[in-house]
Amino acid sequence: MAHRTLLARHAEALDAFTDRVHKIAADQWDAPTPCTEWTVRDLVNHLTAEQLWVPRLVRDGATIASVGTAYDGDVLGDDPVATWDEAAEAARAAFAEPGALDGTVHLSYGPSSATHYCGQMVTDLAVHAWDLARAIDADEQLPRALVDFAVREVSPYAADLTKSGLFAPSVEPPPNADVQTKLLCLLGRKP
């Protein structure tokens, strides 16, 4: 049952990001995002590269060293939306394979359970779906179950993400903030 719930959240996060990718107008690819050093294209490229890693790590048992620089640089090519769609579906399929979440993956910081890796991917997708929505002026509201999951997932290690430079320092949420606002503030966003 836990795996089914995790896969449901992963699918929901992929769908949220995909929905926003499909709303990017031709003149918005160079627009800034809440990720201060990334344009819309940079953000979509980052998430696409992340999805490309999933089949290699989860299904193939690859290591960071064995994959090397295959997903460095621009992975989007001339049709970024189609490239995102293909990478997202490959990641979805890899995590959904029987037994995939029972394994271990080799990440930059060492071996990790596939369930932990999937949880990290869910949170990354959710927060970046908000980033993309903000950048392209789309609906910023994320599904409540997804937000609740992401808060539970990231809270134990949010401070480590800040120290690593992967996310900006947390921001104090406004009084009476909803759960989504608290999640975004925890990860350095100013909703």
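Every value quoted in this text rests on a predicted model; they were computed, and no experiment measured them.
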Check: T39 main-chain N/O paired with D42 side-chain donor or acceptor under 3.5 Å: yes

Co-members of V44 in a cluster of I, L, V, M, F, W and Y side chains, linked at under 4.5 Å: L14, F17, V21, I24, W29, W38, V40, L43, L47, L76, V81, W84, L125, L132, I136

H22 vs D85 side-chain heavy atoms within contact, under 4.5 Å: yes

Pair L6-F149, side-chain contact (heavy atoms from CB on, under 4.5 Å): steps then yes or no: CA-CA 9 Å; L6 179 56; F149 175 90; 3.6 Å; yes

Test item: P80 and R41 side chains (from C-beta on) under 4.5 Å apart, heavy atoms: yes

R189 to D131 - nearest heavy-atom pair and separation: NH2-OD2, 2.5 Å

S113: side chain to side chain contact (heavy atoms under 4.5 Å, CB included) partners, not counting sequence neighbours: T115, H116

Spatial distance of atom SG (C35) from atom CG (L187) [nearest 0.5 Å]: 10.5 Å

T181 side chain vs A177 backbone, donor-acceptor pair below 3.5 Å: no

Exercise: identify the closest heavy-atom pair between V105 and L57: CG1-O, 3.6 Å

Salt bridge (Lys or Arg N to Asp or Glu O under 4.0 Å) between R134 and D139, worked out: CA-CA 8 Å; R134 173 64 55 104; D139 182 10; over 6 Å; no

Joint hydrophobic cluster, V171 plus V127, side-chain heavy atoms closer than 4.5 Å: no

Test item: N45 side-chain N/O and G73 main-chain N/O as donor-acceptor pair under 3.5 Å: yes

Distance (rounded to the nearest 0.5 Å) between W53 CH2 and T48 OG1: 15.0 Å

Closest heavy-atom pair and its distance - P55, A94: CA-CB, 3.7 Å

Flag, side chain of T83 to backbone of D79, donor-acceptor distance under 3.5 Å: yes

Side-chain heavy-atom pair L7, E12 within 4.5 angstrom cut-off: no

Heavy-atom check, side chain of D124 versus side chain of H46, under 4.5 Å: yes

Under 3.5 Å: donor-acceptor pair, side chain of E89, backbone of E86: no

Verdict with supporting geometry, S155 and L186, side-chain contact (heavy atoms from CB on, under 4.5 Å): CA-CA 8 Å; S155 290; L186 181 65; 3.8 Å; yes

Verdict with supporting geometry, Q180 and Q141, side-chain hydrogen bond (donor to acceptor under 3.5 Å, both in side chains): CA-CA 8 Å; Q180 179 172 311; Q141 190 61 47; 3.2 Å; yes

Exam field: side chain R20 to backbone T18, donor-acceptor pair closer than 3.5 Å: no

Spacing of OH belonging to Y117 relative to NE2 belonging to H10, to within rounding of 0.5 Å: 8.5 Å

Rounded distance [0.5 Å steps], OG in S112 versus CG in L107: 5.0 Å

Selection residues 106-121 - residue pairs positive for salt bridge (Lys or Arg N to Asp or Glu O under 4.0 Å), sequence neighbours left out: none

Electrostatic pair D148-R152, nearest N-O below 4.0 angstrom: no

Minimum heavy-atom distance V54-M121, with the two atoms named: CG2-CE, 3.6 Å

Student check: side-chain heavy atoms of R56 and Y71 closer than 4.5 Å: yes

Closest approach of G119 to E153 (non-hydrogen atoms, all atoms of both residues): O-CG, 3.5 Å

C185 and P191, any side-chain heavy atoms less than 4.5 Å apart: yes

Smallest separation among heavy atoms of Q51 and A87, with atom names: CB-O, 3.5 Å

